[in-house]
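All of these numbers come straight from a predicted model, not from anything done at the bench.
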Amino acid sequence: MLRELTASTNANLVSEKPHPTLESNLAPSPREPIVNDFAITAATKNGSGSQTSNAILLRALFKMGIPVSGKNIFPSNIQGRPTWYTIRLSKDGYLARRETTEIMIVLNPDTVLEDHQNTAPGGVFMYADDIKLPVRRSDLHYYAIPVKEMARQHEADPKLRTYVANMVYVGAIAQLLGIDLDEIQAALMFHFKGKTKPVESNMKVVRAAAAWAAENLIKTDPYRVERMDKTKGQIMIDGNTAAALGAIYGGVGFVAWYPITPATSLADALNEYLPKLRIDPETQAPTYAVVQAEDELAALGMVIGAGWAGARAMTCTSGPGISLMAEFTGLGYFAEIPAVIWDVQRMGPATGLPTRVSQGDVIAAYWLGHGDTKHPVLLPGSVYECFEFGWRAFDLAERLQTPIFVLSDLDLGMNQWMSKPFDYPEEPMDRGKVLTEEQVNATRGFARYKDVDGDGIGWRTLPGNESPFAAYFTRGSGHNERAMLSERADDWENNMDRLARKFETARKLMPPPVIDMVEGAEIGIIGFGSTDPAIQEARAMLEAKGIRASYLRLRALPMNDDMTMFLAAHKRIYVVEMNSDAQLCQLIRLHSPKDAEKVRPANHSDGLPLTAHWITEEILYQETRH
């Protein structure tokens, strides 16, 4: 974005002159008002308390009925480095990141030049009046606000003034854009869970800043907000919280985890809601266990043990943790033990960019482990599906008796998204093929790894089954149908063939893709996960340029016949994903080699969520070459 805007902004730079605290602005613009269709970015320092202010603005706009989304770009340290939070308002309901920001609010002097250049032509540049601008642009509307002075006036404790300062820009921008202060107060009440003291202290600053802005700032820009009704019946939630709630409603009984960005907040949400929702009503004892392990390897080891014992068990991690979990994942695959592994993806390899988004773990999760291993993978594309797959993953893990991966990502997991309310699972829990004491006694034993139903899945017993015929050895080494140690070639081949049949069963059980076929479209777009909002918007942009595109959103691996039919129906296929190696594109080519030449990568990986503009331009560029 910096490169794109530099050329247009350099021509508009003029020398900065000393300015008073009360900013002198250009004459009001004759442009038509721009209502509910722009982006606001707050540039602050990490750890300064701006997260609260940004959440308040986002929720207030949401409660005004305006479709909004929030993107937090934050550093991997704890405090002091630059952070940017962008709120997109879209009257048309588009929620993907945009490459331009019309309203820039700057409280961080360290990034002022970058932020200045990154403000769209015709945009607003609101900044703390103690920040000196070496240059000014003739195509921006400037508003200087006395942030530090107002913080001193309203907070006696110097240690708290940095936090109070953020509420100054909330009040000023609310006045400038027309954000309802009652909605600001309601958002504060929601954030502080009804605690009146912090609400009143923060609202005092907001109202003072709004009053100051009304008296001292002359509005010259065209941007404003107006109430709409497009969020009625919607909720706002992050994907990690949605996943935790889904797991709880899916009967999770055991959680083992190790802290890692961006998955920690999923475990935090479990720790917050499990005590409220999973307490025995008679004994008041918890009906779950959560263990913070010494590392990710230990975490999955505990989960495999709990799954073997019959608990619905899960862990949550990110790419580096997945690397450590390879050995136990292979054990779960070969010994056939249910487990759920949430991978909230971030930028790799190695430590990479811990607070940036990626979809780079697709192949790693699908084939994690040495030897011939392959795993079912769920690919939620919304916070609603994070909730749904939170419970559905347990059903699949127990039905297939295998580890199930759920690949979310930082953007979906940690940012706030609008969603329809979650539906309570209506299906009964699917515990899979579990033999009771009576069933085992009736047959006087069973063969743990025998395929008796043709689906590749054997029957199992759980600890606590009192039948003398219920026991078997769980092995990660070679074994025969009766779970006895075997190094015979025919036993090995029979076992691997059966596991392959089970994987074909998984192909039928995994959630099918969501497909929007467009009659007469020559091209198709395939995507997954958090790229969905950008792809939806890009399709509209392409159609405006005369290019109609069908769309398949993949929701699971392995792929089924729906993918094969979609490939056959189009001349060219573009696979949109956020990684450098076009990983899903490679898997699609392997799935249907005869269509490989028509399947084209449209991949990009810079740590930021994809934009509709990038997708549109990439497809247009490739279309000109075909």
Side-chain angles (χ1 to χ4, degrees), residues 16-29 38-45 48-54 56-58 60-61 82-87 101-116 118-120 123-137 140-155 158 160-181 184 188 201-225:
E16 166 72 333
K17 298 177 181 179
H19 58 274
T21 300
L22 307 186
E23 179 75 19
S24 176
N25 288 280
L26 303 173
S29 171
F38 50 87
I40 306 168
T41 294
T44 59
K45 289 186 177 183
S48 65
S50 59
Q51 184 175 356
T52 297
S53 301
N54 298 326
I56 297 308
L57 281 174
L58 183 71
L61 292 164
T83 182
W84 294 267
Y85 190 89
T86 299
I87 298 173
T101 288
E102 288 78 14
I103 298 177
M104 185 72 73
I105 305 169
V106 181
L107 269 65
N108 184 2
D110 297 338
T111 63
V112 64
L113 290 179
E114 179 182 352
D115 299 330
H116 193 232
N118 286 347
T119 307
V124 167
F125 194 80
M126 176 179 284
Y127 62 105
D129 65 353
D130 61 306
I131 297 176
K132 305 303 180 184
L133 298 179
V135 293
R136 289 167 64 88
R137 288 168 48 186
L140 294 184
H141 304 270
Y142 290 88
Y143 302 100
I145 53 176
V147 173
K148 289 185 177 180
E149 177 59 30
M150 296 198 76
R152 280 194 294 267
Q153 291 177 8
H154 295 281
E155 179 53 60
L160 298 178
R161 286 175 186 166
T162 300
Y163 301 97
V164 169
N166 295 300
M167 289 298 163
V168 175
Y169 75 72
V170 171
I173 202 67
Q175 171 61 33
L176 197 68
L177 298 179
I179 302 173
D180 192 333
L181 292 187
I184 297 285
L188 281 165
S201 63
N202 281 280
M203 199 62 204
K204 181 180 178 181
V205 179
V206 170
R207 292 192 185 281
W212 181 93
E215 182 178 351
N216 295 281
L217 298 182
I218 301 172
K219 185 173 176 64
T220 61
D221 67 270
Y223 304 99
R224 71 169 191 240
V225 301

In short, A172 meets I145 closest at the heavy-atom pair CB-CG2, 4.1 Å
Mind checking whether K219 and L176 have side chains closer than 4.5 Å, heavy atoms only? yes
Measure across T101 and A39 and return the closest heavy-atom pair with its distance rounded to 0.1 Å. CG2-O, 3.7 Å
Determine whether I184 and L57 satisfy the following criterion, side-chain contact (heavy atoms from CB on, under 4.5 Å), listing intermediate values before the conclusion. CA-CA 7 Å; I184 297 285; L57 281 174; 4.1 Å; yes
Minimal heavy-atom distance between I131 and P109, with the atoms involved, is CD1-N, 3.9 Å
Is there a donor-acceptor contact under 3.5 Å linking the side chains of Y127 and D115? no
Determine yes or no for a side-chain-to-main-chain donor-acceptor pair under 3.5 angstrom, with K45 supplying the side chain and N108 the backbone. no
Hey, what do you get for CG (L58) to OG (S53), rounding to the nearest 0.5 Å? 12.5 Å
If you round to the nearest 0.5 Å, how far is CD of E102 from OH of Y223? 5.0 Å
To the nearest 0.5 Å, how far apart are CG in D221 and NE2 in H141? 6.0 Å
Decide if atom CD of Q51 counts as having more than 12 heavy atoms of other residues, nucleotides or ligands within a radius under 6.0 Å. no
Would I103 and M126 satisfy side-chain contact (heavy atoms from CB on, under 4.5 Å), going step by step from the backbone distance to the final call? CA-CA 8 Å; I103 298 177; M126 176 179 284; 5.8 Å; no
Any side-chain heavy-atom pair from T52 and M167 closer than 4.5 angstrom? yes
Sub-4.5 Å side-chain heavy-atom contact between Y169 and I40: no
Taking all heavy atoms of V164 and all of A151, pick out the closest pair and write down the distance. CG1-CA, 4.2 Å
Checking N118 against T41 for the side-chain contact (heavy atoms from CB on, under 4.5 Å) test, could you report, in this order, the C-alpha distance in whole Å, the side-chain angles of both residues, the deciding distance, and whether it holds? CA-CA 10 Å; N118 286 347; T41 294; over 6 Å; no
Expected output: side-chain R137 to main-chain H116 donor-acceptor under 3.5 Å: yes
Locate the shortest heavy-atom distance separating A144 from L217; write the atom from each residue and the value. O-CD2, 4.0 Å
Would you check if there is a donor-acceptor pair between the side chains of T83 and T44 at a distance under 3.5 Å? no
Drop me the distance from T220's OG1 to Y143's OH, to the nearest 0.5 angstrom. 3.5 Å
When rounded to the nearest 0.5 Å, the distance separating NZ of K148 from CG of D130 is 4.0 Å
Nearest heavy-atom contact between V147 and D129 is N-OD1, 4.2 Å
W84 and E114: CA distance, side-chain angles, deciding distance, side-chain contact (heavy atoms from CB on, under 4.5 Å) verdict: CA-CA 12 Å; W84 294 267; E114 179 182 352; 4.1 Å; yes
